[in-house]
Structures are given as C-alpha cells and as structure tokens.
Amino acid sequence: VYRDGIKVSTGVVPLADGSGAFDDLPEPGLHEYRVSSLDRASNESGLSEPGSGFSKASAPAAPVNLTAATTSFGQVLLTWQAGSTDTAKFLLYTATRPIAGLKGLASRTAVSPFFDFPSADAVYRYVVTAVDGAGNESAPSNEASVVYDQAPPAITIAGVADGSFFNRDLFPTFTAADLLLDTASVRGTLDGAAFFSGGVVSGEGRHSLTVFAADQRGREASSTVSFTIDKTRPAIAYSGVAEGQFVRSTASVSITVSELNPKTSSFLLFSGLFGTTVTYRSGESITLNGAYALSGRAEDLAGNVSLASL
C-alpha cells in the first residue's frame with residue numbers, strides 16, 4: 001500500500017476472493033493511495049489506479065440553536081444550524097427523559113427543518129450531532145423539548161369489567177391520564193346519576209358506569225363499562241315426586257331452575273339398591289325398584305351456588 005507515493009505497508013494478506021482491506025491513520029488532509037501485489041518470490045506488480053481519502057482527526061463543532069415545536073398538523077418541527085462548515089451530515093437523537101449522554105439512544109439522519117411524528121403522547125427531548133466526511137461525530141447540540149399531546153385523555157376503570165357479574169357490593173374506581181389533563185372535566189355517572197370514584201354500588205341488577213375526561217386543548221374521551229350485581233342464588237324446585245314418597249309405578253321428577261343469569265346446573269340420581277350414580281335429566285323415567293336420592297347443583301354467572309336434594 002502506497003500513500004502519497006510512499007510505501008506504508010507490505011503486510012496486507014489477500015482475502016479468499018482476492019480482495020484486501022487496509023486501515024490507515026495519516027495526518028489530517030487529502031491523501032492519494034495506490035496498491036501493488038507481490039507474489040511468493042516477492043516480485044511486485046505495477047501500481048493500481050489511484051484512490052483518494054480525506055483524513056480528519058478532530059470532530060466538527062456541535063450544531064447550534066436547536067428548537068422544537070408542535071404544529072397544527074400533529075407534527076414536531078425541529079430546526080437547527082451547523083456549528084462549522086465541515087459537516088457532512090446530522091444525526092438526530094430522541095428520548096423521553098433528559099439526555100445526559102448518547103449511549104443507548106438510536107439516531108436518525110436528519111436535515112433541518114425536520115418533522116417528527118411521535119407514536120404516543122409524551123414529553124420528547126431532542127439533541128443533534130454533526131458528522132464530518134471522516135466519520136467524526138461532534139458533541140450534542142443544546143437539548144430541545146416539546147410536550148406532544150395529540151391524543152385525548154386515557155381513561156382507566158378498575159374494580160369492574162365490561163360484561164362481568166358479581167355477587168357482592170362493588171367500589172369501582174376510575175382515573176384519567178393526559179399530559180395536559182383538565183382535572184375539572186373528569187367525572188363519572190352510574191346509570192345516569194353522578195358517581196364518584198370509589199363509591200359503593202350495592203343494588204342488584206345491571207349497571208352502566210361511564211367516565212368522561214378532557215384535556216386543556218378540548219380533546220374529549222369517554223369510557224363505559226356495563227356489569228351486573230346478582231346476590232341471589234338460583235332456585236331449584238322438584239315436582240312429580242315428594243320427599244320420602246313411595247311410588248308403586250314408574251316415577252319421574254320434573255326439575256325447574258329459576259335464575260336470571262344462569263351458568264350451569266347438574267343433577268345426579270343415586271340408586272340405593274345398586275349403589276350406582278348416573279346423570280339425571282328432568283322428566284326421565286325411573287323404572288327399577290329401590291330407593292333413590294336425587295341431588296342437584298346450580299350456579300349463576302355471579303358465582304352464586306345452590307344445592308338441593310330429594
């Protein structure tokens with residue numbers, strides 16, 4: 001390898017495909033390079049066509065006057081100026097925390113003015129660095145930040161879930177989050193009446209809780225959950241045969257389960273004569289002699305359980 005007509009290396013070993021690579025740290029400035037090849041007897045070829053490269057040991061000056069502002073189209077507009085004339089490109093770094101260093105931050109090539117499109121509401125912080133033709137990167141510019149709030153408030157309702165059933169009193173809570181939340185706008189209604197977070201809901205039946213919130217720019221949000229309180233256990237009734245009754249012919253038991261929010265029910269018939277248990281369905285005939293015991297279980301969607309035997 002020759003730099004500016006002077007041999008600087010004879011130790012470049014060709015790669016498998018016949019190419020080679022060489023790293024150099026010359027004095028700053030423009031340099032011309034040529035390459036020759038040597039055979040095993042040290043016979044040297046002629047020089048290649050020249051190639052040039054620019055060496056620069058110092059980094060460019062940091063960009064200056066970085067500013068950030070939101071636009072009416074939901075963008076973040078960034079502007080800055082170069083700190084020196086040897087800048088080849090700029091790198092933009094973004095974080096949602098104060099930027100104390102660039103380690104761990106991803107960068108993007110950017111040109112001023114630059115429009116950013118954040119994916120979520122947050123306080124975004126930016127710095128810009130300059131990179132010269134030799135790959136030297138400057139120190140960061142000043143930090144610019146902007147409150148990006150383009151979405152309505154996020155509402156969270158806890159203690160109940162939409163479509164759920166409960167067999168107890170409830171104390172639903174709700175919150176609203178936004179960078180520019182209008183706290184006075186946050187309110188709740190239960191079945192159309194004012195409801196405060198953490199209030200008690202005790203009445204049986206279906207309920208609807210709606211929460212409203214807005215930010216200081218007038219963006220509104222609402223969230224509604226409907227749920228049911230059912231404290232009453234299912235009612236199981238047997239008919240066709242009375243408790244302790246002796247039947248001289250085929251018997252059958254009619255079963256009725258009364259429940260507004262049924263989930264499951266099951267019934268088992270035990271034969272004292274044979275010691276067997278089988279699943280029983282309402283109205284089935286019982287034809288064999290012997291003593292029988294019918295047991296039933298019913299559960300509703302709120303978790304209330306009833307047991308009944310005959």
S.K.: Using modelled atom types only, decide if a donor and an acceptor are shared between the side chain of Asp215 and the backbone of Leu179 within a distance under 3.5 Å.
M.R.: no
S.K.: Test ring pair (Phe, Tyr, Trp, His ring centres under 6.0 Å) on Trp80 and Phe90; report intermediate values, then the result.
M.R.: CA-CA 10 Å; Trp80 65 90; Phe90 297 101; 5.7 Å; yes
S.K.: Hey, is the main chain of Ala214 close enough, under 3.5 Å, to the side chain of Ser185 for a donor-acceptor pair?
M.R.: yes
S.K.: Under the side chain to side chain contact (heavy atoms under 4.5 Å, CB included) rule, what do Tyr2 and Leu47 come out as? Steps first, then yes or no, please.
M.R.: CA-CA 9 Å; Tyr2 292 82; Leu47 296 180; 3.3 Å; yes
S.K.: Closest heavy-atom contact between Asp132 and Ala59?
M.R.: OD2-CA, 4.3 Å
S.K.: Closest heavy-atom contact between Pro234 and Val257?
M.R.: CB-CG1, 4.3 Å
S.K.: Hydrophobic cluster membership, with links at side-chain heavy-atom distances under 4.5 Å among I/L/V/M/F/W/Y: are Tyr124 and Leu92 in one?
M.R.: yes
S.K.: Any donor and acceptor pair, going by atom type alone, linking the side chain of Tyr93 with main-chain N or O of Arg108 inside 3.5 Å?
M.R.: no
S.K.: Take atom CG of Asp23 as the centre, draw a 6.0 Å sphere, and report whether it contains more than 12 heavy atoms from other residues, nucleotides or ligands.
M.R.: no
S.K.: Side chain to side chain donor-acceptor pair (under 3.5 Å) between Asn65 and Gln81: does it pass, once the steps are laid out?
M.R.: CA-CA 6 Å; Asn65 301 326; Gln81 288 85 44; 2.9 Å; yes
S.K.: Ignoring hydrogens and angles, tell me if any N or O in the side chain of Arg3 forms a donor-acceptor pair with the backbone of Tyr33 under 3.5 Å.
M.R.: no
S.K.: Report the distance from atom CG of Leu105 to atom CG of Leu91, rounding to the nearest 0.5 Å.
M.R.: 12.0 Å
S.K.: Taking the six-membered ring of Phe212 as reference, does the NZ or CZ atom of Arg187 fall below 6.0 Å from its centre and within a 45° cone about the axis?
M.R.: yes
S.K.: Going through the distances and angles, do Thr79 and Leu66 end up as a side chain to side chain contact (heavy atoms under 4.5 Å, CB included)?
M.R.: CA-CA 6 Å; Thr79 61; Leu66 174 63; over 6 Å; no
S.K.: Check whether any side-chain N or O of Tyr148 sits under 3.5 Å from a backbone N or O of Gly74 as a donor-acceptor pair, and report yes or no.
M.R.: yes
S.K.: List the steps, then state whether side chain to side chain donor-acceptor pair (under 3.5 Å) holds for Asp116 with Tyr126.
M.R.: CA-CA 10 Å; Asp116 192 23; Tyr126 300 89; 2.7 Å; yes
S.K.: Got a donor-acceptor contact below 3.5 angstrom from the Tyr280 side chain to the Val253 backbone?
M.R.: yes
S.K.: Tell me which donor-acceptor pairs under 3.5 Å the side chains of residues 293-301 have, and how far apart each pair is, sequence neighbours excluded?
M.R.:
| residue | atom | partner | partner atom | Å |
| --- | --- | --- | --- | --- |
| Arg297 | NH1 | Glu299 | OE1 | 3.4 |
| Asp300 | OD1 | Ala302 | N | 3.0 |
| Asp300 | OD1 | Gly303 | N | 3.0 |
| Asp300 | OD1 | Asn304 | N | 2.8 |
| Asp300 | OD1 | Asn304 | ND2 | 3.4 |
| Asp300 | OD2 | Asn304 | ND2 | 2.9 |

S.K.: Give a yes or no answer on whether the side chain of Ser141 reaches the backbone of Val128 with a donor-acceptor pair at less than 3.5 Å.
M.R.: yes
S.K.: For the CG atom on Asn289, are there more than 12 heavy atoms of other groups (residues, nucleotides or ligands in this structure) within a distance under 6.0 Å?
M.R.: no
S.K.: Quick one: salt bridge (charged side-chain N to carboxylate O under 4.0 Å, His left out) pairs with a partner in residues 148-168, sequence neighbours left out?
M.R.: Asp149-Arg219
S.K.: Please output the side-chain donor-acceptor pairs of residues 258-278 that fall under 3.5 Å, not counting sequence neighbours, one pair per line with the distance.
M.R.:
| residue | atom | partner | partner atom | Å |
| --- | --- | --- | --- | --- |
| Glu259 | OE2 | Asn261 | N | 2.9 |
| Asn261 | ND2 | Asp230 | OD2 | 3.1 |
| Ser271 | OG | Phe274 | N | 3.2 |

S.K.: Please report the shortest heavy-atom distance between Leu310 and Ala242, naming the atom on each side.
M.R.: CD1-C, 3.8 Å
S.K.: Give the minimum heavy-atom separation between Glu44 and Ser36, together with the two atoms involved.
M.R.: OE2-OG, 2.6 Å
S.K.: Under the side chain to side chain donor-acceptor pair (under 3.5 Å) criterion, do Glu137 and Thr129 qualify, and how do the steps go?
M.R.: CA-CA 7 Å; Glu137 185 174 3; Thr129 62; 2.7 Å; yes
S.K.: For Ser138 versus Pro60, what's the shortest heavy-atom pair and its separation?
M.R.: CB-O, 3.0 Å
S.K.: Counting only heavy atoms from other residues, nucleotides and ligands, does the tally under 6.0 Å from CZ of Phe196 exceed 12?
M.R.: no
S.K.: Ignoring hydrogens and angles, tell me if any N or O in the side chain of Thr189 forms a donor-acceptor pair with the backbone of Ala193 under 3.5 Å.
M.R.: no
S.K.: What's the shortest heavy-atom distance between Ser306 and Arg233, and which atoms?
M.R.: OG-CB, 3.2 Å
S.K.: Determine whether Leu180 and Arg217 make a side-chain contact, defined as any pair of heavy atoms from C-beta on separated by less than 4.5 Å.
M.R.: yes
S.K.: Quick one: does any side-chain atom of Ser84 pair with a main-chain N or O of Ala61 as donor and acceptor, under 3.5 Å?
M.R.: yes
S.K.: First locate atom CG of Leu38, then atom CG of Asn43, and finally report the distance between them rounded to the nearest 0.5 Å.
M.R.: 8.5 Å
S.K.: Give the intermediate values and the outcome of side chain to side chain contact (heavy atoms under 4.5 Å, CB included) for residues Ser249 and Val247.
M.R.: CA-CA 6 Å; Ser249 60; Val247 180; 4.2 Å; yes
S.K.: Could you label the plane-to-plane angle of the Phe227 and Phe166 rings as parallel, tilted or perpendicular, counting under 30° as parallel and over 60° as perpendicular?
M.R.: perpendicular
S.K.: Determine, step by step, whether Ser45 and Ser37 satisfy the side chain to side chain donor-acceptor pair (under 3.5 Å) criterion, reporting the C-alpha distance in whole Å, the side-chain angles of both residues, the deciding distance to 0.1 Å, and the verdict.
M.R.: CA-CA 5 Å; Ser45 72; Ser37 60; 3.2 Å; yes
S.K.: Please confirm whether the backbone N or O of Thr287 pairs with a side-chain atom of Ser285, one donor and one acceptor, at under 3.5 Å?
M.R.: no
S.K.: Would you please test Val201 and Phe171 for side chain to side chain contact (heavy atoms under 4.5 Å, CB included) and show each step?
M.R.: CA-CA 6 Å; Val201 185; Phe171 301 86; over 6 Å; no
